[in-house]
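For reference, positions follow the sequence shown, starting with 1. Just so it is clear, the model here is predicted, and its values are computed rather than measured.
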Amino acid sequence: DVQLVESGGGSAQAGGSLRLSCVRSTFDYCSDDVIWYRQTAPEKEREFVAGIDGELRTDYGNDVKGRFAISRVGMNRVSLQMNNLKPEDTARYYCKTPMVVDGQCNAEIGYWGQGTQVTVS
């Protein structure tokens, strides 16, 4: 079965750094895209943080541009380097990858990990 596992979360002071990791289990995925989201509270929507595709093209949410960097070391391992952390970065961070829905590769209805908590004070 498909599994995505996030790790690397924890506590940091403002201005500090953390490095998160997302590992995908081996699978015939429809896409190499891996996208990081964050959620500040269970009732809040998950916010786009950063994404990377199989050609190593990247994209970032406006709030993290210049501070965070997404990269991948292999097909199924993606990192999120988080620098100059702010209290506003406090959230649970999730990674996601597309899945096939009705014969189409769907980036909305994807596979999700369980998340890793980041707390900045």
query = Is T116 reaching over with its side chain to a backbone N or O of G9, donor-acceptor style, under 3.5 angstrom?
reply = yes
Using side chain to side chain contact (heavy atoms under 4.5 Å, CB included), reason through S17 and R67 one step at a time and then give a plain yes or no.
CA-CA 9 Å; S17 298; R67 299 189 298 119; over 6 Å; no
- prompt: Is a side-chain N or O of Q39 found less than 3.5 angstrom from the main chain of E45, in a donor-acceptor match?
  reply: no
Value for OG1 (T40) from CG (D89), rounded to nearest 0.5 Å, stands at 11.5 Å
Can a donor-acceptor pair be found, under 3.5 Å and without considering hydrogens, that links the side chain of R77 to the backbone of V23? no
Subject >> F27-M99 co-clustered via ILVMFWY side chain contacts under 4.5 Å >> reply: yes
message = Membership question, hydrophobic clusters at under 4.5 Å side-chain separation (ILVMFWY): are Y29 and I109 in the same one?
response = yes
>> For R92, is there any backbone N or O sitting under 3.5 Å from a side-chain donor or acceptor partner on R46?
In response: no
Apart from L20 itself, members of its ILVMFWY cluster (side-chain separation under 4.5 Å) are L18, V34, W36, V49, I52, L56, Y60, V64, F68, I70, V78, L80, M82, L85, Y93, V118, V120
Item checked: Q3 atom CD: more than 12 heavy-atom contacts under 6.0 Å -> no
So CD of E88 and NZ of K86: to nearest 0.5 Å the spacing works out to 6.0 Å
Is D33 salt-bridged to K96, going by a charged N under 4.0 Å from an acidic O? no
Under a side-chain separation threshold of 4.5 Å, the hydrophobic residues clustered together with M75 are none
Polar side-chain atom of Q114 near backbone of V5 as donor-acceptor pair, under 3.5 Å | no
Hey, quick one: are I35 and V101 part of the same hydrophobic cluster, counting side-chain heavy atoms closer than 4.5 Å, chains of contacts allowed?
no
- prompt: salt bridge (charged side-chain N to carboxylate O under 4.0 Å, His left out) between D32 and R24: does it pass, once the steps are laid out?
  reply: CA-CA 10 Å; D32 290 326; R24 302 192 306 180; 3.7 Å; yes
Practice task
Quick one: sort the Y37 and W112 rings into parallel, tilted or perpendicular, breaks at 30° and 60°.
Solution key: tilted
*asked:* Do R72 and C22 have side chains that approach each other closer than 4.5 Å (heavy atoms only, starting at C-beta)?
replied: no
(Q) Quick check: do N106 and P98 have side-chain heavy atoms less than 4.5 Å from each other? (A) no
Closest non-hydrogen atoms of E6 and C95, given as atom of the first, atom of the second and distance, are OE2-N, 2.8 Å
With sequence neighbours left out, the residues meeting salt bridge (charged side-chain N to carboxylate O under 4.0 Å, His left out) with E47 are R38
Looking only at heavy atoms, the pair that brings K65 and N62 closest together is NZ-OD1, 3.1 Å
